[in-house]
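Counting from 1, the numbers follow the sequence of the chain as shown.
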Amino acid sequence: MAKNVSLDSIDQKLALAKRCSHEGAKAGAKAAVFATVATAIPTYACGKISPWARAHLNPTAKALIVSTVAGMAYFIVADKTILKTARQNSFKQQG
């Protein structure tokens, strides 16, 4: 049995999906900024203080450490936010 789906219903679902992804992107960007600052300070301080780090970590390695943490924070937080928002919307539609 085919289910009739109206155009308004599809537009509403599309708007909810866009809102979920926008909220996820905002939350991910905030997390990436925080992770960048939280990682950059100790990474560069360690490069000044630790003899091992001074000998083995060039500026490219330090930047790679910071950017990897920022990227991971962005994607993890964005994914969790999108899933949380989608779950909330799903419960609202059921009830």
Reported [atom1]-to-[atom2] distance for the pair [X] and [Y], which is rounded to 0.5 angstrom:
| X | Y | atom1 | atom2 | result |
| --- | --- | --- | --- | --- |
| S67 | M72 | OG | CE | 11.0 Å |
| Q12 | N89 | CD | CG | 9.5 Å |
| I82 | S21 | CD1 | OG | 6.0 Å |

Which atom of [X] lies closest to which atom of [Y], heavy atoms considered:
| X | Y | answer |
| --- | --- | --- |
| Y74 | A32 | CB-CB, 4.1 Å |
| I65 | T43 | CG2-OG1, 4.0 Å |
| A35 | A70 | CB-CA, 4.3 Å |
| G47 | A53 | CA-CB, 4.0 Å |
| A31 | V77 | CB-CG2, 3.5 Å |

Go through the steps for T36 and V69 under the test side chain to side chain contact (heavy atoms under 4.5 Å, CB included), then give the verdict. CA-CA 7 Å; T36 299; V69 171; over 6 Å; no
Go through T85 and R19 one step at a time and tell me if the side chain to side chain contact (heavy atoms under 4.5 Å, CB included) criterion holds. CA-CA 9 Å; T85 309; R19 195 182 82 213; 4.3 Å; yes
Kindly indicate, with the supporting measurements, whether the criterion side chain to side chain contact (heavy atoms under 4.5 Å, CB included) is fulfilled by H22 and K18. CA-CA 6 Å; H22 181 71; K18 284 182 181 180; over 6 Å; no
For A61, what residues pass the side chain to side chain contact (heavy atoms under 4.5 Å, CB included) criterion, not counting sequence neighbours?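 So A61 forms a side chain to side chain contact (heavy atoms under 4.5 Å, CB included) with L57, N58.
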Apply the hydrophobic cluster definition, ILVMFWY joined by side-chain contacts under 4.5 Å directly or through others, and give me every member besides [X].
| X | value |
| --- | --- |
| L83 | none |
| L16 | none |
| I41 | V37 |

Mind jotting down which residue pairs meet the salt bridge (Lys or Arg N to Asp or Glu O under 4.0 Å) criterion with at least one end in residues 40-62? Sequence neighbours excluded, please.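 Every candidate salt bridge (Lys or Arg N to Asp or Glu O under 4.0 Å) pair involving residues 40-62 fails, so no pair, neighbours aside, qualifies.
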Would you list the pairs meeting ring-ring contact (aromatic ring centres under 6.0 Å, His included) in which at least one residue belongs to residues 31-52, sequence neighbours left out?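 Qualifying pairs: W52-H56.
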Given T68 and L64, is the side chain to side chain contact (heavy atoms under 4.5 Å, CB included) satisfied, shown in steps? CA-CA 6 Å; T68 301; L64 185 60; 3.9 Å; yes
